Amino acid sequence: MKWVSALHCASSSASFELKIVIMAEEHDGGSTEGLPPPPPVPPDFSPAKAEPEPVKKKVLRVPMARRGLGSKGQKIPILTNHFKVNVTNVDGHFFHYSVALFYEDGRPVEGKGIGRKVLDRVHETYDTELAGKDFAYDGEKSLFTIGSLPRNKLEFTVVLDDITSNRNNGSNGNTSPDRNGSPNETDRKRLRRPYHSKTYKVEISFAAKIPMQAIANALRGQESENSQEALRVLDIILRQHAAKQGCLLVRQSFFHNDPKNFADVGGGVLGCRGFHSSFRTTQSGLSLNIDVSTTMIIQPGPVVDFLIANQNAKDPFSLDWAKAKRVLKNLRVKTAPANQEYKITGLSEKPCREQMFTLKQRSKDENGEVQTSEVTVYDYFVNHRNIDLRYSADLPCINVGKPKRPTYFPIELCTLVSLQRYTKSLSTFQRASLVEKSRQKPKERMQILSNALKINNYDAEPLLRSCGVSISSNFTQIEGRVLPAPKLKAGNGDDLFSRNGRWNFNNKRFFDPAKVERWAVVNFSARCDVRGLVRDLTRIGEMKGISVEPPFDVFEESPQLRRAPPVVRVDKMFEEVQSKLPGAPKFLLCLLPERKNCVIYGPWKRKNLADYGIVTQCLAPGRVNDQYLGNLLLKINAKLGGLNSMLAFELSSSIPMVSKVPTIILGMDVSHGSPGQSDIPSIAAVVSSRQWPSISRYRASVRTQSPKVEMIDNLFNKVSDTEDDGIMRELLLDFYVSSGKRKPEHIIVFRDGVSESQFNQVLNIELDQLIEACKFLDEKWSPKFVIIVAQKNHHTKFFQAESPDNVPPGTIIDNKVCHPRNYDFYLCAHAGMIGTTRPTHYHVLLDEVGFSPDELQDLVHNLSYVYQRSTTAISIVAPVSYAHLAATQVGQWMKFEDASETSSSKDGITNAGPVTVPQLPRLNENVSSSMFFC
């Protein structure tokens, strides 16, 4: 079976001959010696003018316009957290100026955070030169005014006192003052003059003029660079408004320094509740979208208390100081008794009572030289400064100085400043605690948002007033529709009835039950009655129609291996399994000692799926009951090729545009390392439907790519003239083989994890790769594409107007708060059981198939019901959820690679040149088309 036609080879050899001829003519710089004379020119010959071939200009695709609104479903009144905005000054202009900051000696200011203080001082000092104008400053290099400043280029000099950033009184800085040598010298300076002043030069130069009319144009669907810039100015005004109130700013979210908003999630980390607010263009005009937002901050207060919580230590004397040094670097502290603020640069090598420094005496010797003596930090603070130190003597000091000139403080005199972001990834337990503490019921959330609008008091913001912006205090009322749940089929033709987006298999068999045969149990030191577990699994399996044969054997890990490295433990277990079993098992049930973050998981999955091609299911036997085992069998059945439930539409082949024409459905996702890790490769996963006309069976292809790159770069990967090693080829060939030798005529792509600014890249980079992969298999084959982006990471929420409950599953919204031009809609397919439902925002970027709005919305809704791991509708289409699972699971393999293979930097020094991304081992062909990710 091969789609590649012979045409490919023929055309490449013809062009090769042509190249040889041209090269022969060009050889020796066009010399004609030794060549036969040219043929005679006929007398009536006039040369034809060579027309250059028109260069094909690549037309850039843009997201499609809305095709109309859906009408299916029961209407329901809904409130949303969009607040209507009126803009009266549409004839005005925003003027954009570039800002450059310099020190007195002409060096540019590098540090972030000082800009706002400097510009505030410019505003106070040079009000007349600025013609009394207010401005919106983004904190970095851009400043905006309404109407122009008196001149196109302005230069100012300002002096700032005491550059210590203190968010609690209104700044957002990260800079620390230059310090000199010893604490004593610093002290004397402080006594002589209370502040260290610094001079800054500020250059403000005209960059662009943005008509406010652009906002009105965007609302009519005519988006332009100007309209995006104009909205950006309004968002910057909101940021500046929050900065002036002393908030921590994280993009368009603002966090007040109020302990009522803090929730301890463990490890010295607090969840801090704040608000997101941004302007959005919608079908019903401009709106302000306000939502509750949470960021992670370092626990403020004594440094020692933070370290004890961070390391879960019992007291300061059992802390790991190497770890403490890493976690404290660059955090800001206030020191007692002077209440000065500094940035931590490190820790002292020795404890406080042994750490020496040179103390300069006040008296001079007979030659007029300043006398110095060596003292310990402890001695200086206790005896010279008369400060009582209770526990610092045997602990390292905090260093806030420069590398060559350290400045030490005993640790108990240092307290961490509030609102400092914690940017590392949270542990599983911290994440669970955060979710539990930050969720709110719909009514509670509405109350908090109403209060937020009052607290923010945007009506008092002079810049918004100058734009003629007024903001309604009421939630926008819209009309939603509740789509009926699709019918589901279980085994023996039984119907599964879903109520509130949920169903169960009580007294029902799986639609297509698999067989659990040639299998064994391996136990990595989990405490468990394995025989009882196998007995219960067999009993429940039979109720669901799964025949579970008795296992070959139970392999217990030997106790002395418990402390061995994870990879060694897995290898030893495999040696044991191979030595005892007659042949390779088809399935291994693996018992793990910990429920979350077990170190065995990654190496175990990799060994099974990549090296041996064995289906495996892990469990941590804590609270194992019949319901738990029933859910476990959903996963085992799907992995072994069975199917738990199926849409009735699939069975009757009545899904519009999908059941009658071979259609492949793809889910794509890229998973990145945690924020602090810049050298961990990103993992791209694409899942595809198989065995058309089914839309419930999927397989996955997973590859690594450069860290933090969102566009998938391996969809098409031409390694030679006849060979493509990309993801798509693998999936298309599998579809062809599993769907009765049919090529897909429709390719429906669901893409997760891209923001609106990347839509054009999806349409022009990723789609091009998909088309190339198809053409490489068969030049004449032109399938039709549908590209849909699914977003969960947005701030639009919906509430029932007449009920305190979440919106019902199946609620769809495509009016009033959607895009004025583009084709998008919100869907809450699932039942929000706790907290407030987060709708999925679907953006249809391309539809060459020609679905009607109702047909497409129905398809998306149906795909939320085919997820084999649960008996509920899920919040996003199953193929996207599967892609996420596949990327995450294979990402676990990477964690246990030798660090030298996966790391591009050693000791913080990044190697020059492009980083080579380590390739993942491919799935063994025995499991490559299975739902191993379930």
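Fair warning: this is a prediction, and the values are worked out from it, not measured in the lab.
- Here the CG atom belonging to Leu588 is positioned 13.0 Å from the NZ atom belonging to Lys607, to the nearest 0.5 angstrom.
- With a 4.5 Å cut-off on side-chain heavy atoms, Thr837 and Cys828 count as touching.
- With rounding to the nearest 0.5 angstrom, the CG atom of Leu666 is 7.0 Å from the OG atom of Ser689.
- Without hydrogens or angle criteria, Asn924 side chain to Leu609 main chain gives no donor-acceptor distance under 3.5 Å.
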(request) Please step through side-chain contact (heavy atoms from CB on, under 4.5 Å) for the pair Ile614 and Lys586, ending with a clear verdict. (result) CA-CA 6 Å; Ile614 299 167; Lys586 273 192 175 172; over 6 Å; no

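- How far CG of Asp713 is from CD1 of Ile727: 8.5 Å, rounded to the nearest 0.5 Å.
- Here the CD1 atom belonging to Ile788 is positioned 14.0 Å from the CZ atom belonging to Arg751, to the nearest 0.5 angstrom.
- When only modelled atom types and interatomic distance are considered, Ser696 and Ser694 share no side-chain donor-acceptor pair under 3.5 Å.
- By the neighbour-count criterion of 12 heavy atoms within 6.0 Å, atom NZ of Lys437 is densely surrounded, having more than that number from other residues, nucleotides or ligands.
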(message) The test is side-chain contact (heavy atoms from CB on, under 4.5 Å); show your working for Glu723 and Lys718 and say whether it passes.
(response) CA-CA 6 Å; Glu723 205 182 341; Lys718 186 175 170 182; over 6 Å; no

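- Using a cutoff of 4.0 Å between basic side-chain nitrogens and carboxylate oxygens, Glu557 and Arg569 are scored as salt-bridged.
- More than 12 heavy atoms of other shown residues, nucleotides or ligands fall within 6.0 angstrom of atom CG in Asn625.
- Proximity of a side-chain donor or acceptor of Glu766 to a complementary backbone N or O of Ile712 within less than 3.5 Å is detected.
- Between Thr840 and Gln791, the side chains place no donor N or O within less than 3.5 Å of an acceptor N or O (distance only, hydrogens not considered).
- A donor-acceptor pair is defined here as one N or O able to donate and one able to accept, closer than 3.5 Å; no such pair exists between the side chain of Trp692 and the backbone of Lys743.
- The ring-ring contact (aromatic ring centres under 6.0 Å, His included) test applied to Tyr882 returns Tyr698, Tyr867, Phe933, not counting sequence neighbours.
- No hydrogens or angles considered: nothing links the side chains of Lys605 and Gln892 as a donor-acceptor pair under 3.5 Å.
- Classification of the His841-His794 ring pair by plane angle, with boundaries at 30° and 60°, yields perpendicular.
- For His861, the NE2 atom is densely surrounded, since the number of other residues' heavy atoms within 6.0 Å is greater than 12.
- Residues Ala887 and Ser671 approach most closely at CB-CB, 3.8 Å, considering heavy atoms.
- Across all non-hydrogen atoms, the minimal contact from Pro513 to Gly545 is CB-O, 3.2 Å.
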(message) Checking Ser701 against Glu730 for the side-chain hydrogen bond (donor to acceptor under 3.5 Å, both in side chains) test, could you report, in this order, the C-alpha distance in whole Å, the side-chain angles of both residues, the deciding distance, and whether it holds?
(response) CA-CA 8 Å; Ser701 179; Glu730 185 184 321; 3.2 Å; yes

(request) Would you sort out whether Arg539 and Asp626 count as a salt bridge (charged side-chain N to carboxylate O under 4.0 Å, His left out), showing the intermediate values? (result) CA-CA 10 Å; Arg539 171 175 56 84; Asp626 284 11; 3.1 Å; yes

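- Put simply, CD1 on Ile546 and CG on Leu634 are 8.5 Å apart, with the number rounded to the nearest 0.5 Å.
- Side chains of Val786 and Ile747 form no contact here, defined as non-hydrogen atoms less than 4.5 Å apart.
- A heavy-atom distance below 4.5 Å is not found between the side chains of Thr871 and Arg502.
- At a threshold of 4.5 Å between non-hydrogen side-chain atoms, the residues Phe587 and Asn608 do not count as touching.
- Summarising the geometry of Pro921 relative to Trp893, their closest heavy-atom pair is O-CZ3, 3.5 Å, with the distance given to 0.1 Å.
- Between the side chain of Ser930 and the main chain of Val927, a donor-acceptor pair closer than 3.5 Å is present.
- Residues satisfying the salt bridge (Lys or Arg N to Asp or Glu O under 4.0 Å) criterion with Lys580, sequence neighbours excluded, are Glu576.
- Between Leu591 and Cys528, the shortest heavy-atom distance links the atoms CD1-SG, 4.0 Å.
- Under the 3.5 Å distance criterion, the side-chain polar atoms of Thr538 are matched with a main-chain donor or acceptor of Val534.
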(request) Show your working on salt bridge (charged side-chain N to carboxylate O under 4.0 Å, His left out) between Asp734 and Arg690 and close with a plain yes or no. (result) CA-CA 7 Å; Asp734 175 78; Arg690 54 199 311 271; 2.9 Å; yes

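- Remark: the backbone N or O of Gly726 is not paired with any side-chain donor or acceptor of Arg729 at under 3.5 angstrom.
- Within a 6.0 Å radius of CD in Glu549, other residues, nucleotides and ligands contribute more than 12 heavy atoms.
- Residues Phe750 and Val687 are not in side-chain contact: their nearest non-hydrogen atoms beyond the backbone lie 4.5 Å or more apart.
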(message) Checking Trp503 against Leu488 for the side-chain contact (heavy atoms from CB on, under 4.5 Å) test, could you report, in this order, the C-alpha distance in whole Å, the side-chain angles of both residues, the deciding distance, and whether it holds?
(response) CA-CA 9 Å; Trp503 59 94; Leu488 292 162; 3.6 Å; yes

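- Here the shortest heavy-atom pairing between Asp725 and Val719 reads CB-CG1, 4.1 Å.
- Nearest heavy atom pair, residue Ala514 against residue Gly642, reads CB-N, 4.1 Å.
- Between His830 and Ile874 the shortest side-chain heavy-atom distance does not fall below 4.5 Å.
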(request) Might you work through the salt bridge (charged side-chain N to carboxylate O under 4.0 Å, His left out) test for Arg697 and Asp512, ending with a clear yes or no? (result) CA-CA 12 Å; Arg697 295 179 190 271; Asp512 176 12; 2.9 Å; yes

(request) Let me see the working for Gln617 and Lys639 under side-chain hydrogen bond (donor to acceptor under 3.5 Å, both in side chains), right down to the final yes or no. (result) CA-CA 9 Å; Gln617 176 62 52; Lys639 287 177 182 182; 2.8 Å; yes

(message) Using the rule given for side-chain contact (heavy atoms from CB on, under 4.5 Å), can you reason through Lys489 versus Leu496, listing the C-alpha separation, both sets of side-chain angles and the distance that settles it, and then say yes or no?
(response) CA-CA 6 Å; Lys489 288 287 187 186; Leu496 284 169; over 6 Å; no

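- Aromatic ring centres of Phe574 and Trp604: separated by under 6.0 Å.
- Atom NZ of Lys515 sits about 5.0 Å away from atom OG of Ser547, to the nearest 0.5 Å.
- For the side chain to side chain donor-acceptor pair (under 3.5 Å) with Glu710, the qualifying choice from Gln761, Gln758, His672 is His672, the only one to do so.
- Using a 4.5 Å cut-off on side-chain heavy atoms (C-beta onward), Leu863 and Tyr865 make no contact.
- At distances below 3.5 Å, not a single donor-acceptor pair connects side-chain atoms of Ser682 with backbone N or O atoms of Pro707.
- Under 3.5 Å, the side chains of Lys792 and Ser875 contain a donor-acceptor pair of N or O atoms.
- No side-chain heavy atom of Pro839 sits under 4.5 Å from any side-chain heavy atom of Leu827.
- One N or O on the side chain of Ser427 and one on the backbone of Gln430 form a donor-acceptor pair closer than 3.5 Å.
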